[in-house]
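Since the model is a prediction, treat every value here as computed from it, not as a measurement. Protein chains get the first letters and strands the later ones, always in sequence-line order, with residue 1 at the start of each. These values consider heavy atoms only, across backbone and side chains, with no hydrogens, waters or symmetry-generated copies.
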Amino acid sequence: MTSTVPPVTPVIENTHELVISATDLSKRFGNYQAISHVSMQVRRGQAFGLLGPNGAGKTTTVRLLNHVISPDNGEVLLFGEKMTAHRADRLRTRIGVQTDTNVYENLTARENLMFWARLYGLAPRQRKARVDEVLDMMGLAHRARAQAGSFSKGMRQKLAVGRAILHRPELLFLDEPTTGLDPQASAELISHLEDMVHSFNTTLVMCTHQLAGLADLCKDVGFLVGGRMEASGPVEQLVAERWPGHHVRISLGAESDELIARARTHIQNESAGISCEINADRTLHLELPDESFTEGVIASLVAAQFPIRSVVPVTYSIKDLYFDIASTTGEVAA
Amino acid sequence: MNIQRVLTVAHKDLIEVVRNKQAMFPMLVIPLGLAVMIPFGIIVMGSDPTMPTSAFGLSSLIDQLPKGILPPDLSESQKMVYAFTVYFMAPVFLLIPSMSATVIGSSSFVGEKERRTIEGLLYTPVTDRELVLAKIIASLVPAIVITWGSFGAYVFIVDTFASPVIGERYFPTANWYALMFLVVPLLAFLTVALIVAVSGRATSSQGAQGVSFLVVMPMILLTMGQTTGIMLFSTTVALVFAAVLVVVDVVVLYAVAGVFHRERLLTKLL
């Protein structure tokens, strides 16, 4: 992804400013409660991952935040202003949204972007340069004059993301932006988004259930399940709250059930404050108050002549958190 | 209201229409038949003194025209040609924009819903009123251009084949100018606005076209009757009618924008 136009000097200001502040949002469609009492806050320059299985309410939440649909209850503040029908159109000039891959098929890639550039009021002199820049950035420059109807799903995705970032929005909503992209294009897009967040202080809300590589970009996440925000906050904090202490997995030299059960009993008797469970793969899972307890536990097992094959620290990721929340709420994880 | 955004959306829609050959073909062929082929045939055959006017079923209509409306000293075949070209063809030019508008306008919103491009558009800064006006313009412009193009072709046909029969250039008459450049655009605007309103609430293009036909045709038929009966015989009446249409158009535009509902547009089909 190379740039043909010198980048605009980023203006970084007031990084603690709340760009999104949604309180107690609820939305019902007929008998279906799509969103229930959802609250969320996103600061300027923050990359926020809105996670959840299919039908969790991610798209509805984005629609509510942008006032494309109005909530039955609750309110949305964007850039400190209450989002109302009268203000929505002005506030939307500062927002970019990509929710799908649907572009105008009878228009060329360039025409699609020029259309968006005009709608967002880019000055005539800026339009061509910026459109060229985005086409290049998205790897579509060689197909600029081709009608979008002839594009593959991945190319449409790039075009849809390209039009969302075209006017350099302060707030960017992306819904599954890497779907349909090949690994290289996906990595380039994530890299570009990181650049937007870190260099240009763009606020990013990314809806996804594709968890690979998400933690590198989104340090803060919200888990929507069944229309409810089940958890929200920095990933590290959520993981620490869910799995406090230090976790290790111990594999014994022999895999007899009796030996493993004896080892578990030994640990529980000898080490206060340590939780020990037997995993399905016949390893022991230990939850320790902190890392310093590991050495003592190992020494105790060795002294009792338990054959230890390996001791591996267990780290929890955003993916573990996702599946844990999905399973505890009874939702089938995507 | 941001005119640039209105024109941007309308321009995009126009490009899409022009590139849609399936939509363009009937919009061009039907007016060609109505404004060129049929008049050409009737003028050529009607100007033949050996052909009785009753052959075209026009003699009784000619008899119903107000006295003194036709130029004096015309032969039967000249009367037929004059009456046909000046009076009986006028309703056709009210029908042409309505047909074109129905083809384009009925799919204005519902077409974007079906192609699932509407959601992206609704996230942009375009206001409801801008969006409605843009969709109306996008349907109105081709409807009027096609009608005026058909009118140009019709003028050529009349001048070339009917004027020699009458013995002088007599067309277009002053009332035709009022019809084409005042009544047609204003009536087309009203038609398009109603069709766009239907499109905004329909769940499929076919449904929108069906309902549009039901909504628009009675109005067109009524206006066509009034046109042949009164308007073309009096420039004053045509101007008054145009003035009334201006008021009705403005009221309808605000009403259509008022009933436009972003959320319904997005959630009804999707």
Could you tell me which portion of [X] (side chain, backbone, both or neither) has an atom closer than 4.5 angstrom to a non-hydrogen atom of chain B?
X        : result
A/Val103 : backbone
A/Gln98  : neither
A/Val97  : side chain

Should B/Glu112 and B/Lys135 be marked as a salt bridge (Lys or Arg N to Asp or Glu O under 4.0 Å) after you check the CA-CA gap, both sets of side-chain angles, and the distance that decides it? CA-CA 11 Å; B/Glu112 293 236 27; B/Lys135 293 294 180 185; 2.6 Å; yes
Q) Which heavy-atom pair separates A/Thr203 from A/Gly45 by the least distance, and what is that distance? A)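 A/Thr203 and A/Gly45 have their closest heavy atoms at OG1-N, 3.0 Å.
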[atom1] of [X] to [atom2] of [Y]: how many Å apart, nearest 0.5 Å?
X        : Y        : atom1 : atom2 : value
A/Leu159 : A/Arg143 : CG    : CZ    : 11.5 Å
A/Thr101 : A/Met155 : OG1   : CE    : 13.0 Å
A/Ser70  : A/Arg63  : OG    : CZ    : 12.5 Å
A/Glu170 : A/Thr202 : CD    : OG1   : 8.5 Å
A/Thr59  : A/Phe173 : OG1   : CZ    : 12.0 Å

Within residues 77-94 of chain A, which residues come under 4.5 Å of chain B, heavy atom to heavy atom?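 Listed by number, the contacting residues are A/Asp89, A/Arg92, A/Thr93.
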- Query: Are A/Lys27 and B/Glu263 close enough for a salt bridge, meaning some N to O gap below 4.0 Å?
  - Reply: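 So A/Lys27 pairs with B/Glu263 through a salt bridge.
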Could you please state which residues from residues 7-15 of chain B sit under 4.5 angstrom from chain A, measuring non-hydrogen atom to non-hydrogen atom, sorted by number, or 'none'?
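The list, in residue order, reads B/Thr8, B/Val9, B/Lys12, B/Ile15.
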Over 60° means perpendicular and under 30° means parallel, so classify the ring planes of B/Tyr177 and B/Phe151, tilted if in between.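 Rings of B/Phe151 and B/Tyr177: perpendicular, over 60°.
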Please work out which of the three classes, parallel, tilted or perpendicular, describes the rings of B/Trp176 and B/Phe93, given edges at 30° and 60°.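 Perpendicular.
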- Query: Of all of B/Arg5, B/Arg19, B/Gln4, which one pairs up most often with chain A through heavy atoms under 4.5 Å apart?
  - Reply: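 So the answer, after comparing B/Arg5, B/Arg19, B/Gln4, is B/Arg19.
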Margin query: Pairing donors with acceptors under 3.5 angstrom, does anything connect the side chains of B/Asn20 and A/Asn106?
Written below: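 There is no such pair (donor and acceptor under 3.5 Å, judged by atom type) between the side chains of B/Asn20 and A/Asn106.
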inquiry  = I'd like to verify something: which residue of A/Tyr104, A/Tyr120, A/Phe29 has the highest number of heavy-atom pairs under 4.5 Å with chain B?
reply    =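 Of A/Tyr104, A/Tyr120, A/Phe29, A/Tyr104 has the most heavy-atom pairs under 4.5 Å with chain B.
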*May I ask you to check whether over 12 heavy atoms, not counting those of B/Phe156, lie within 6.0 Å of atom CZ?*
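Open: at most 12 neighbouring heavy atoms sit under 6.0 Å from CZ of B/Phe156.
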